[in-house]
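Single-structure report; data block below.
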Amino acid sequence: QGLLEKDTNYTDLFKKHPNIHTIIHTAARVHVMNETNSDPLTAFRNINTFGTLNLAHQAEKFGVKRFIYMSSIKVNGEETTKKSPYQATDTPHPTDPYAISKYEAEEGLKKLSQETGLEIVIIRPPLIYGPGVKANFLAMLRAIQKGIPLPLGAIHNKRSLVALDNLVDLIITCIDHPKAANQTFMVSDDADVSTTELLQKMAQAMGKKTWLLPIPESWLRAWAKIVGKEDVISRLCGSLQVDIQHTKETLGWTPPVTMAEQLAKIKQSL
């Protein structure tokens, strides 16, 4: 992140590596759960928007042909409950500073592409999981590992996730695929799951028995409202699906790794 300031000069880097054809840009100021900055939007913009565009402008001047940008499904919105799965052609609806900064970077990159011919590839992943995963995903894994009962046995949502190996495979495909230029791609495992199903798959991968209590979702949401955990329960109970048909058809790509295979890798890393 320290290299992504909006006024960073990359001249020495590009002179040291004069034959760079493609930049894969994944660095960012990421979603902050407990934000302490007094002006979060400016903090996110300085890194995710202005820092990204600064790098892209300099890359183009030094002969880089393609810029692959790791955006976020949050550019589309927060959930698809009662909606169809998100598509790349949907009208963006970013709602928090992180998502707004990523969307503005996308728009800036598209403008740069139109002005200079730099090929832009935008990828919007949902939750990424693999070795080293953190936050709620890791918390659920730890609970399954320890045999802790969870009140999540009756969740009927649908969520798209993407295994880290699948995301990396798509990025590699986009490096030199002629049809990837100036496209926005959704990515997932192409096998959406409910939170209950995800926990069951975690338990199976870890060789553990699940202790999932079938508490009604309405009870969970009522409890969350009382204790101020509405955001947590919303993520666990809400739906967020993406449609990757455009990605598959344009690139001739399908996810090579199953959720079971990626969860087995995570187990080995714990």
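From a predicted model like this one, the values you see are computed outputs, not experimental measurements.
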Item to check | Exercise: do Asn157 and Ser239 side chains pair donor with acceptor under 3.5 Å | outcome: no

Partner residues of [X] under the side chain to side chain donor-acceptor pair (under 3.5 Å) criterion, sequence neighbours left out:
X	value
Asn46	none
Thr22	none
Asn182	Ser113
Glu261	Thr258

Next on the checklist: With ring-ring contact (aromatic ring centres under 6.0 Å, His included) as the rule and sequence neighbours excluded, what pairs involving residues 155-180 come up?
Outcome noted: none

Checklist entry - Centre of Phe50's six-membered ring, under 6.0 Å away, within 45 degrees of the axis: is that where NZ or CZ of Arg45 sits? => result no

Side-chain donor/acceptor of [X] to backbone N/O of [Y], under 3.5 Å:
X	Y	answer
Thr210	Ala203	no
Asp190	Thr254	no
Ser72	Arg124	no

Item to check | side chain to side chain donor-acceptor pair (under 3.5 Å) between Glu249 and Gln245, worked out | outcome: CA-CA 6 Å; Glu249 291 179 352; Gln245 194 62 32; 3.0 Å; yes

Next on the checklist: Applying salt bridge (charged side-chain N to carboxylate O under 4.0 Å, His left out), can you list everything that pairs with Lys225, at least two apart in sequence or on another chain?
Outcome noted: none

